Structures are given as C-alpha cells and as structure tokens.
Amino acid sequence: MCSAATKPLDSLIRDRITDLQQDIPPSVTLMAVSKKKTALCVRAAYDCGLRHFGESRIQEAVPKQEEVADLSDLVWHFIGTLQSNKAKKAIAHFHWIHSVDSLKLAQRLDRLSQEEHRRPNLCLQVKVLPDPHKSGWNIDELTKALPELYQLSHVAIRGLMVIPPLGLNREETRRCFLKAAHLFKTIQNESANHWTQFDQLSMGMSGDYQEAIAAGSTIIRLGRTIFGERDQ
Ligand SMILES: *Cc1c(COP(=O)(O)O)cnc(C)c1O
C-alpha cells in the first residue's frame, strides 16, 4: 500500500484525485481520509494538491503525522469518536475536530484549549435520523445545548458533521442530507451573534458524496475513493 516501490498505486491515487476534482465544485473542500493507510499514501495525495487529511484514531495518526512533518501546510482533521482522556492530544495534533458529540466534550475541549493556548475548529456531530450505532446530538439536544455552547470562547465552532445511518437508499440518504442542511442553516441564523465562522457542513463519504454536495455539503470526507479499500 503506497510503499515506495508501488509507483502504479501512486498513479492510481493521482488518477482518482484528478477525476474527483472534475466532479467536485471548487467551493467544496475535499478531505482525504487516510486512516489505515500509510504516510506514503498521504504524501502521494499531497503531491496531487490535497492539503486536508482526516484520521479517526489518535494513536494511529500521531506517528503518521510525524513522518510527513516536512509538509508544513497540511491541515489535520480528527473524525473519529473522541474519548475525553484523549482530548488534550487531539487538540495538540489536529486543527479540526469534527466529532464533538456532547456538551461535556465541547466544554472540556474549550478548557483544554485555553490551557494549551490553542484554538481548534470544531464541528458538532449531529444525528438528524435516529442511529443507535453512532454517537452525536439529536436535533432537540443540540438546540437545547446552544446557549451553553455560545459560552465557549477558546474554540471556534465551525459547523456540523453528519453521518447518515447505515443501510439508507439513495432517496433516504438525499433526504437525510437535506434535513441536515436545513438544520445547519437554522443554527447559522440563530447563532449569528455568537459564531461568526459557523460556515461548514461536513457530510459525504465515498458512497454518498454526490448526494451530500447536491444538498449543500462544504466538506466531503473521502477514504476509499482516493486510496482504495482499507484492510479490515
Ligand atoms: C472512514 C470515514 C470516512 C471515509 O469513509 P470512505 O467510505 O472510505 O470514504 C469518512 N468519515 C468518517 C467519520 C469516517 O470514519
């Protein structure tokens, strides 16, 4: 996998990214999800112009980040479930955290950001449809938490992150994304006096990014479409 000798895989990655770039409006940020892929894969995608990379496990990401530390304009996004005891590490190693799934975690990130003199960008992970397999706020919980989230001054709350439940068909996926986009706009209006940069809707993965873009996504998170299937 992206070992130094696999020139063909590098060019495969290049071809996939070139195709994607024709498919994606320039206003949409393409995040390359490099989980379970090597630092050489990151480097190959970087060479094709990508700068945003996503990882879902801190302990896997940190050594990989060190291997590409010479690429100083990389932007790292944390997209996995964040345990509170890893919050400090997440702030130290990532510019963005997309998976802020509770008020408690948001408050902890705020406190740690003050202590560490960091200002991470956060997305609030919201479940617009019920999903027992995923963490995140449901719409009611999120709406109720807004006044307390407005109090957090050491983090930049930038938007919402959405993962549809598994097993939806195209039409259901499309409706899930439209519902998310509506919620995003509503919160954007309501929060305008508090959050000046609430401008990102992180939704869309390899299987559904076209529907996500059509619904108004601003960041898509693609792993397999760029790097190929992951080993389990
Ligand atoms: C793994 C993962 C992705 C990328 O999934 P692909 O199907 O490989 O595109 C995107 N978002 C999150 C939260 C993920 O965990």
Side-chain angles (χ1 to χ4, degrees), residues 1-2 9 12-13 15-21 23-24 28-39 41-42 44-45 48 50-62 64-65 74-83 86 90 93-102 105 120-129 131-137 158-170 172-174 176-177 180-181 184 200-232:
M1 264 180 282
C2 304
L9 189 48
L12 244 159
I13 290 176
D15 291 348
R16 293 188 189 123
I17 292 174
T18 308
D19 287 351
L20 274 169
Q21 279 164 339
D23 222 21
I24 297 171
V28 174
T29 300
L30 170 55
M31 178 206 303
V33 176
S34 50
K35 66 184 182 196
K36 297 197 175 166
K37 299 289 171 178
T38 63
C41 291
V42 173
C48 300
L50 299 194
R51 293 296 177 268
H52 294 266
F53 289 83
E55 287 282 339
S56 54
R57 295 166 68 92
I58 308 269
Q59 62 273 36
E60 178 191 339
V62 171
K64 202 182 297 182
Q65 291 172 333
L74 281 186
V75 181
W76 287 103
H77 298 253
F78 188 77
I79 59 172
T81 305
L82 185 55
Q83 255 98 52
K86 305 249 172 73
H93 293 276
F94 289 85
H95 306 92
W96 287 74
I97 299 170
H98 289 236
S99 39
V100 180
D101 57 8
S102 70
L105 178 60
N121 297 290
L122 307 187
C123 293
L124 308 170
Q125 182 173 352
V126 56
K127 296 192 281 193
V128 297
L129 298 176
D131 185 349
H133 304 291
K134 282 271 176 322
S135 61
W137 270 287
R158 296 298 305 274
L160 302 181
M161 196 270 266
V162 177
I163 308 173
L166 284 175
L168 301 189
N169 65 31
R170 295 265 149 215
E172 290 163 339
T173 304
R174 204 179 68 85
C176 174
F177 286 152
F184 173 63
Q200 300 298 323
L201 182 54
S202 166
M203 64 183 191
M205 310 179 14
S206 289
D208 55 21
Y209 69 90
Q210 277 133 334
E211 286 82 4
I213 291 171
S217 167
T218 67
I219 304 179
I220 56 173
R221 310 177 307 267
L222 303 190
R224 291 168 297 139
T225 307
I226 295 172
F227 298 117
E229 293 297 325
R230 289 180 288 274
D231 298 332
Q232 285 315 300

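No experiment lies behind these values; they were computed from the predicted model shown. Indexing begins at 1, ligand by ligand and atom by atom, following the structure's order.
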Review point. Under a heavy-atom criterion of less than 4.0 Å, does R230 contact ligand 1?
Key: yes

Check your understanding: Looking only at protein heavy atoms, which one is nearest to atom 12 (C) of ligand 1, and how far off is it?
Key -> I79 CD1, 3.5 Å

**Study point:** Atoms of ligand 1, numbered as shown, that sit under 4.0 Å from any heavy atom of L222
**Key:** 9 (O)

Practice item. Can you see which heavy atom on K36 is nearest to which on K64, and at what distance? Key: N-NZ, 3.9 Å

Practice item. Kindly identify the option in Q125, K35, K36, M205 whose heavy atom sits closest to atom 2 (C) of ligand 1. Key: K35

Practice item. Could you walk me through whether H52 and T29 pass side chain to side chain donor-acceptor pair (under 3.5 Å), step by step? Key: CA-CA 8 Å; H52 294 266; T29 300; 5.1 Å; no

Review point. Hey, are Q125 and S99 close enough side-chain-wise for a donor-acceptor pair under 3.5 Å?
Key: no

**Study point:** Atom pair CZ (R174) and CD (E211), whose distance is rounded to the nearest 0.5 Å
**Key:** 9.0 Å

Check your understanding: Taking the inter-plane angle between the rings of F78 and F94 on a 0 to 90° scale, is it parallel (under 30°), tilted (30 to 60°) or perpendicular (over 60°)?
Key -> perpendicular

Point to revise | Which of the ligand 1 atoms, numbered from 1, are nearer than 4.0 Å to a heavy atom of I163 | key: 13 (C)

Revision key, fill the gap. d(I97 CD1, I79 CD1) to nearest 0.5 Å is 12.5 Å

Revision key, fill the gap. When distances are taken from atom 7 (O) of ligand 1, the protein heavy atom at minimum range is R224 NH2, 2.7 Å

Point to revise | Least distance between heavy atoms, L168 atom then C176 atom | key: CD1-CB, 4.2 Å

Point to revise | Nearest-contact summary for atom 6 (P) of ligand 1 - protein heavy atom, Å | key: S206 OG, 3.5 Å

Review point. Of the listed options (R57, R221, K37), which comes nearest to atom 11 (N) of ligand 1 when hydrogens are ignored and any heavy atom counts?
Key: R221

Check your understanding: Would T225 count as a contact of ligand 1 if the rule is a heavy atom under 4.0 Å away?
Key -> no

Check your understanding: What about G223: any of its N or O atoms under 3.5 Å from an N or O on ligand 1?
Key -> yes

